[in-house]
Number of protein chains: 2
Amino acid sequence: MNPARTTPLPLPRAGTAVAIATRLRTAIADGIYVDGERLPAERALADAFSCSRTTIRAALRLLCDSNLVSRRAGSGTFVTFSHDAENPDIAEITSPLELIDVRIAVEPHMVRLATVHATMRDLGRIGIALDALESSGEPESFTRQDRIFHQSIADATHNPLMCSFYRRINHVRGHRQWSAMKDKVLTGQAMDSYNHDHRQLFEALAVRDADSAADIVLSHLQTARLHLVST
Amino acid sequence: MNPARTTPLPLPRAGTAVAIATRLRTAIADGIYVDGERLPAERALADAFSCSRTTIRAALRLLCDSNLVSRRAGSGTFVTFSHDAENPDIAEITSPLELIDVRIAVEPHMVRLATVHATMRDLGRIGIALDALESSGEPESFTRQDRIFHQSIADATHNPLMCSFYRRINHVRGHRQWSAMKDKVLTGQAMDSYNHDHRQLFEALAVRDADSAADIVLSHLQTARLHLVST
DNA sequence: GCCAGTTATACCAATAGTGAACCAATACAA
DNA sequence: TTGTATTGGTTCACTATTGGTATAACTGGC
């Protein structure tokens, strides 16, 4: 018996620094960290990733070399996700109402696809994102975790076109033009209400109830749209 | 003991090192180990394959000689195999079924938005596109006019995010991977049927009947999806 | 016996990562 | 304006891991 034929391939181990750089890079690409936003401090990142600050610095060095972030001593590390000046960022020419209209178009069927295609592993990821979302008290971290939560649902469709669409939606959602609105809209009560919807949605996903999941998302977005046009 | 093994194979038995090299080579070609990624350490591979490190080194030497991996002392063994698609076009990794799932998600609500936001000028443009579409007999020009027709509806929403989404959908639809399918699917009868749906859709848009327009699009796409999965 | 392939072991040099300390630039509040 | 806290920038010695190399012994087929 030849061991080379039967042995399962061992998983690759990426270097810690490059692995962290990759994770941060995709987070920026997904709009989880938005253009101009400050990343957590090196020491905080080292704590979050359970590694030394030196490793975090090596990872950030990679991002800095590819001009994804810029750093200033005493100030922090900032995302510099610059778009072409001629090709204006889609996020800058999309209004909140236009965004929510697109979300109403996309998300109900998206969660339907997610209920059909999500693996247990996907559901685990979504659950983790939901837990993090529910335990984040400030509007700042809430919106970030909210984007992670929804993106993980989009990824659960395993439809590359859908994933790329939702990445773009998240990019628009994360644009700084709404950072002012955020603190006004996201009261504690509003976040509680959102979390209720999120939990319901997750449970519908978990039991593969596509109709309920789609209904929850649709009513969630339609009330958000009403709030937008009535204020 | 397997009786099939008692008679020696005509080909000389490959040594363990060659077998492992082959296994790793196909793993890299299959994308199990991705470009730029680090392979497990030699000692880990030796452990996984239950062979000595010398054998693993012999196998890696083969891969290194064929420029599939590069190695750095103290760092590791890294895959250097550009799949020739470092930035894979979204059109190339999207299947027909995945595309139609996204269209089912987007288009019904898109035509709703179009019925609400379309100006008379938009309707004129859509009408012109429809006329050109109906008078195009070959599959080649039909698909081009079909994209123009649908894009003009997307533009009629006056929602920049929606327009950009549909541009991407059209980009995927226009990819060369479908061109083979086109001539087979687009019989004269099929084009007539499509044109009937298009004309109905246009009339629903013209009288601002959002429900009918959405229904027409949805049933149109769902029958297309059925044809896709049943053939 | 010969020989190629494999095993087992030991050691080396290169590299990544750790943990700590300290400096300099910045932000913010008293 | 002045402290004070926080941030990135730098350096250090140390440890763990990695590929590189060499050597001796074992194995099975010729």
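These figures come from a predicted structure and were not determined experimentally. Note on naming: letters A, B, ... go to the chains in the order of the sequence lines (proteins, then strands), and numbering restarts at 1 for each one.
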Between the side-chain atoms of B:Arg61 and the base atoms of D:dG19, is any donor-acceptor pair under 3.5 Å? no
B:Arg71 side chain: which of D:dT7, D:dG19, C:dT26 is closest? D:dG19
Out of D:dG8, D:dT18, C:dA16, which nucleotide sits closest to the side chain of A:Ala73? D:dG8
Check every atom of D:dT10, C:dA25, C:dT7 against the side chain of A:Arg57 and return the nucleotide holding the closest atom. D:dT10
Say whether, by atom type as modelled, one donor and one acceptor occur between the side chain of A:Arg168 and the main chain of B:Phe165 under 3.5 angstrom. no
Whole-Å distance separating the CD atom of B:Glu42 from the C1' atom of C:dA13: 14 Å
Name the nucleic acid region contacted by A:Arg72, choosing base, sugar-phosphate or nothing; use a 4.0 angstrom heavy-atom cut-off, strictly under. sugar-phosphate
Among D:dG20, D:dG9, C:dG17, the one nearest any side-chain atom of A:Arg43 is D:dG9
Provide, to the nearest angstrom, the distance between the CZ atom belonging to A:Phe78 and the C1' atom belonging to D:dT6. 12 Å
Picking from C:dA10, C:dG17, D:dG8, the nucleotide nearest the side-chain atoms of A:Thr55 would be C:dG17
Map A:Gly74 and B:Arg53 onto DNA chain C by nearest heavy atom, then report which one ends up closer to the 5' terminus. B:Arg53
Per atom distances to the B:Arg38 side chain, the nearest of D:dT7, D:dT18, C:dT26 is D:dT18
Parallel, tilted or perpendicular: which describes the rings of A:His150 and A:His198, with under 30° parallel and over 60° perpendicular? perpendicular
For A:Leu63, which of A:Thr77, A:Ile20, A:Leu68 qualifies under side-chain contact (heavy atoms from CB on, under 4.5 Å)? A:Leu68
Taking the six-membered ring for Trp and the single ring otherwise, decide whether the centroids of A:His196 and A:His220 are under 6.0 Å apart. no
Nearest-nucleotide pick for A:Ser52, side chain only, options being C:dG17, C:dA25, C:dT6: C:dG17
Out of C:dG19, D:dG19, D:dT7, minimum distance to the side chain of A:Thr54 belongs to C:dG19
